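Because the structure is predicted, anything quoted here is derived from the model rather than measured. A, B, ... follow the sequence lines: proteins, then strands. Residue 1 opens every chain.
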Protein chains: 2
Amino acid sequence: MSSGGAAARHNRGMSQHAESAAPGLRERKKIRTRATIRVEAMRLFRENGYSSTTVEQIAEAAEVSPSTFFRYYPTKEALVLTDDLDPLVVRALANAPTGVSALTAVRMAFVDALAGLDERALLLERERQALVASEPDLRSAMLDDFRRNLELIADAMAVRTGRAADSFEVRVFAGAVIGAVQGSVDMTSNIADQVTAALEYLEQGLPL
Amino acid sequence: MSSGGAAARHNRGMSQHAESAAPGLRERKKIRTRATIRVEAMRLFRENGYSSTTVEQIAEAAEVSPSTFFRYYPTKEALVLTDDLDPLVVRALANAPTGVSALTAVRMAFVDALAGLDERALLLERERQALVASEPDLRSAMLDDFRRNLELIADAMAVRTGRAADSFEVRVFAGAVIGAVQGSVDMTSNIADQVTAALEYLEQGLPL
DNA sequence: TCCAAATTGGTAGTTACTGTCAGTTGACGC
DNA sequence: GCGTCAACTGACAGTAACTACCAATTTGGA
């Protein structure tokens, strides 16, 4: 997340009929480098495991210097944590209808976002999840990522209901949603179904 | 966590009329060292911030070598993440009456556990939470702790309701509870009141 | 008092990550 | 084409959190 993508949108001059298709040679090279690093890293992780693969090895495999590696990815973890899903959820939430309950809106946003992923993205998502599941270091990092994104959701909910972002209800709401989703997701089956079920259960007041 | 406390309960021989009061000079010294390290570390964190305090500085302040530091705490993070509250909650939960709803039982357990803490412990808990909230590094580490606690609560609730510990409902329940509690606590007022309110709100299905 | 075991400190090494600085390369006006 | 500028890159040095290992000290028990 963060830096990489959106910040580099300053192509000045030129580009008469090129909108987003011809970002210039430099941009393209950057994108390719970024992708190469990621692909090589994933391969090495698969072959040797996450923690026993060093940044130096990744850099070498991708044919860049270690310095350059860190210019593309702020941390080793970021390689695995780059997440295309959560921003989609946040955006979907902004567009959710106003007539439904808060939890329903969140549920719809999740489902929308997941539906928006194509097959390749879903596959990548699976591999990512498997990797994360296997390495403890990565798990906590991912949960942190998750948390950050759900803070965004909390903000969205605050806006939606006209409350302060740090109001008691919004905080508890966000916390409970985070927790419920975390508790619900295991890697064995469909993510969307699990999230949906968890949020419905939450809306019923968690009867046991 | 792990090693330090419970594992070192092997005083062999002797101790005719000493039960848990006289753990031997060696044990006592270890406990004191452990406490000193923690106290000094907290002080340094308060004064200079978490990330700009090095393990070396902590070790020096506590008058031990860096090697020794790592024998008492496996990581720097562990200094902050050691949590005295959750085990109490879990124990209280085991003793909760069976006639009430699951969430009510949890609520009662929290209140019980919090009542069992003395003032100094509460203060430490506050400081800990503030520190964790302020440092991003710590937040992700805390989520590991979160996961552990999720499993503890899930186990207790599973026993209570006669379900499998990894059943979907139990896991979502535990996640939501912990998430809600964490979201609810800020430094400004009584923890017990906040937790109670959060769990009641949760039981109503989080209307916003 | 003496021995064995536990505890400790020191030293060397690995790895993720940061800062800097000079060399290169692509972009753009001419 | 061509020079200039900014961005990109790689090499280097350095920091800090650990880890492994061994020698010295301290402690508990006989």
Side-chain angles (χ1 to χ4, degrees), chain A residues 3-4 7-16 18 22-34 36-37 41 44-45 48-60 62-81 135-138 141, chain B residues 2-4 7-16 18 22-34 36-37 41 44-45 48-60 62-81 135-138 140-141:
Chain A
S3 54
R9 185 85 341 150
H10 49 62
N11 58 340
R12 63 282 206 201
M14 262 244 170
S15 71
Q16 296 135 338
L25 198 150
R26 207 167 236 169
E27 290 291 303
R28 266 177 292 162
K29 203 170 173 186
K30 251 167 75 172
I31 292 174
R32 204 173 55 222
T33 303
R34 194 178 162 81
T36 304
I37 291 174
L44 289 171
F45 291 162
N48 311 329
Y50 174 79
S51 54
S52 41
T53 302
T54 69
V55 170
E56 204 170 351
Q57 289 169 344
I58 298 169
E60 193 186 336
E63 296 180 317
V64 295
S65 74
S67 325
T68 300
F69 171 89
F70 283 107
R71 288 198 188 92
Y72 280 89
Y73 293 94
T75 65
K76 184 180 164 188
E77 284 168 351
L79 274 170
V80 185
L81 294 180
E135 291 281 342
D137 278 5
L138 286 174
Chain B
S2 62
S3 54
R9 185 90 337 150
H10 49 63
N11 57 340
R12 60 282 204 205
M14 259 238 176
S15 71
Q16 298 134 341
L25 196 151
R26 209 168 236 170
E27 291 291 302
R28 265 178 295 162
K29 201 171 174 184
K30 254 166 73 171
I31 291 174
R32 204 174 53 222
T33 303
R34 196 178 160 79
T36 303
I37 291 175
L44 289 171
F45 292 162
N48 311 328
Y50 174 79
S51 54
S52 42
T53 301
T54 69
V55 170
E56 204 171 350
Q57 289 170 343
I58 298 170
E60 193 187 335
E63 295 180 319
V64 295
S65 73
S67 325
T68 300
F69 171 90
F70 284 107
R71 286 197 189 91
Y72 280 88
Y73 293 94
T75 65
K76 183 180 163 189
E77 285 166 352
L79 276 170
V80 184
L81 295 179
E135 290 282 341
D137 279 6
L138 285 174
S140 73

Undergrad: Is it the case that A/Lys30 places NZ or CZ above or below the six-membered ring of A/Tyr72, under 6.0 angstrom from the centre and within 45 degrees of the axis?
TA: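 Not satisfied by the 6.0 Å and 45° rule.
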Undergrad: Determine the minimum heavy-atom distance between B/Ala59 and B/Phe69, stating which atoms define it.
TA: CB-CB, 4.5 Å
Undergrad: Is it true that, when you exclude A/Glu60 itself, more than 12 heavy atoms of the residues, nucleotides or ligands shown sit nearer than 6.0 Å to its CD?
TA: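 No, the 6.0 Å shell around CD holds no more than 12 heavy atoms from other groups.
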Undergrad: Kindly confirm or rule out a cation-pi arrangement of B/Lys76 over B/Tyr50, judged by NZ or CZ under 6.0 Å from the six-membered ring centre and within 45° of its axis?
TA: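 Because its charged atom sits under 6.0 Å from the ring centre and within 45° of the axis, B/Lys76 does stack over B/Tyr50.
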Undergrad: Might you list the N or O atoms of the protein lying below 3.5 Å from N or O atoms in nucleotides 1-3 of chain D, with each pair's distance?
TA:
none

Undergrad: Could you walk me through whether B/Arg34 and B/Tyr73 pass the side chain to side chain contact (heavy atoms under 4.5 Å, CB included) test, one step at a time?
TA: CA-CA 8 Å; B/Arg34 196 178 160 79; B/Tyr73 293 94; 3.4 Å; yes
Undergrad: Is the backbone of B/Gly49 close enough, under 3.5 Å, to the side chain of B/Thr53 for a donor and an acceptor to pair up by distance?
TA: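 Yes, B/Thr53 side chain to B/Gly49 backbone: donor-acceptor pair under 3.5 Å.
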Undergrad: Using a 4.0 Å cut-off on protein heavy atoms (strictly under), produce a 5'-to-3' string for nucleotides 7-16 of chain C with B for base contact, S for backbone-only sugar-phosphate contact, and - for none.
TA: SBBB----SS
Undergrad: Does atom CD (B/Gln57) have a neighbourhood of more than 12 heavy atoms from anything else shown, all under 6.0 Å?
TA: yes
Undergrad: Minimum heavy-atom separation for A/Leu79 to A/Ile58, with atom names?
TA: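 Residues A/Leu79 and A/Ile58, closest heavy atoms: CD1-CD1, 3.9 Å.
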Undergrad: To the nearest Å, give me how far apart CD (B/Glu77) and P (D/dA16) are.
TA: 17 Å
Undergrad: Could you state the CZ-P distance from B/Arg28 to D/dG28, rounded to the nearest angstrom?
TA: 8 Å
